[in-house]
Engineer: 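What follows is a single structure, and I will ask about it in a moment.
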Amino acid sequence: QVQLVESGGGLVQPGGSLRLSCAASGFTVSLYAMGWFRQAPGKEREFVASINRSGDTTYYHDSVEGRFTITRDNAKDTIELQMNSLNPEDTAVYFCVADLIVVPSRTYRAIEYWGQGTQVTVSS
């Protein structure tokens with residue numbers, strides 16, 4: 001069955017960095033766009049970043065542009081999110097997602113595949 005397994009979350013101080021990874025299985029990963037959403041306590045789930053099937057087009061939420069970088073390795077069926085200059089507003093559960101289209105304008109309710117999420121906490 002389809003599985004998206006995130007790893008790499010944790011506690012980091014403001015200004016620090018984390019790298020999230022997502023291992024995908026159970027579907028032809030190279031045919032799907034992939035990305036990351038996040039959900040902070042009391043807030044709606046929001047788009048963070050996405051990457052197209054071939055990896056040559058990426059999208060970012062304005063709040064993470066220039067700080068986060070999304071990459072994918074179709075040979076290993078994985079994607080990563082490098083997060084730098086983290087601040088407390090980045091604290092959230094981060095979800096790996098996959099669908100034929102993953103772009104900022106697409107509501108999270110329409111995304112087909114989800115991981116279980118990994119907690120990222122930015123605090124001193």
Engineer: Rounded to the nearest 0.5 Å, what's the gap from OG on S63 to CD on E89? Could you check?
Structural biologist: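 If I round to the nearest 0.5 Å, the distance is 9.5 Å.
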Engineer: With distance as the sole test, does S21 use its side chain to make a donor-acceptor pair with the main-chain N or O of E80 at under 3.5 Å?
Structural biologist: no
Engineer: Testing the basics here: between S124 and P14, what is the closest heavy-atom pair and its distance to 0.1 Å?
Structural biologist: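 Between these two residues, the closest heavy atoms are N-CD, 3.7 Å.
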Engineer: Could you pull out the closest heavy-atom pair between S17 and N84, with the gap in Å?
Structural biologist: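 Heavy atoms only, the tightest pair is OG-OD1, 2.9 Å.
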Engineer: Kindly indicate, with the supporting measurements, whether the criterion side chain to side chain contact (heavy atoms under 4.5 Å, CB included) is fulfilled by R45 and I111.
Structural biologist: CA-CA 12 Å; R45 204 164 288 192; I111 299 297; over 6 Å; no
Engineer: Output, in order, the C-alpha distance, side-chain angles, deciding distance and verdict of side chain to side chain contact (heavy atoms under 4.5 Å, CB included) for T91 and R38.
Structural biologist: CA-CA 9 Å; T91 295; R38 68 186 180 186; over 6 Å; no
Engineer: Would you name the heavy atoms of V29 and A24 that are closest together and state the gap between them?
Structural biologist: CG2-CB, 3.6 Å
Engineer: V5, Y32: one ILVMFWY side-chain cluster at the under-4.5 Å cut-off?
Structural biologist: no
Engineer: Kindly assign one of parallel, tilted or perpendicular to the pair F37 and Y108, based on the angle between their ring planes and the thresholds 30° and 60°.
Structural biologist: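 Rings of F37 and Y108: perpendicular, as their planes differ by over 60°.
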Engineer: Would you kindly confirm whether V97 and V103 end up in one hydrophobic cluster when ILVMFWY residues are joined by side chain heavy atoms under 4.5 Å apart?
Structural biologist: yes
Engineer: Show the nearest heavy-atom pair for residues I79 and C96, with the distance to one decimal.
Structural biologist: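 Reported closest heavy-atom pair: CD1-SG, 3.8 Å.
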Engineer: Could you grab the distance from atom CD of Q82 to atom CG of L18, nearest 0.5 Å is fine?
Structural biologist: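 One finds 8.5 Å between CD of Q82 and CG of L18.
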Engineer: Tell me if a side-chain donor or acceptor on E6 pairs with a main-chain N or O of Q116 at a distance below 3.5 Å.
Structural biologist: yes
Engineer: Check whether L11 and M83 end up in the same hydrophobic cluster, where Ile, Leu, Val, Met, Phe, Trp and Tyr are linked by side-chain heavy atoms less than 4.5 Å apart.
Structural biologist: no
Engineer: Kindly say whether S25 contributes a backbone atom to a donor-acceptor pair with the side chain of D77 at under 3.5 angstrom?
Structural biologist: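 No.
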Engineer: If you look at every heavy atom in S85 and R67, which pair is closest and at what distance?
Structural biologist: O-NH1, 2.9 Å
Engineer: Show the nearest heavy-atom pair for residues A98 and F27, with the distance to one decimal.
Structural biologist: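 In terms of heavy atoms, the two residues are closest at CB-CZ, 3.9 Å.
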Engineer: Please check this pair: side chain of R106 against backbone of I101, looking for a donor-acceptor N/O pair closer than 3.5 Å.
Structural biologist: yes
Engineer: Determine whether a donor-acceptor pair (N or O, by modelled atom type, separation under 3.5 Å) exists between the side chain of N74 and the backbone of R53.
Structural biologist: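 Such a contact is found between N74 side chain and R53 backbone.
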Engineer: Strictly below 4.0 Å, N to O, side chains only: are E44 and R109 in salt-bridge contact?
Structural biologist: yes
Engineer: Sort out for me which residue in L20, L81, D90 forms a side-chain contact (heavy atoms from CB on, under 4.5 Å) with V48.
Structural biologist: L81
Engineer: Do any pairs count as a ring pair (Phe, Tyr, Trp, His ring centres under 6.0 Å) and have a residue in residues 48-96, sequence neighbours left out, and if so which ones?
Structural biologist: F95-W114
Engineer: For Q13, give me all partners under side-chain contact (heavy atoms from CB on, under 4.5 Å), at least two apart in sequence or on another chain.
Structural biologist: none
Engineer: Spell out, as yes or no, whether a donor-acceptor pair under 3.5 Å connects the side chain of R72 to the backbone of N52.
Structural biologist: yes
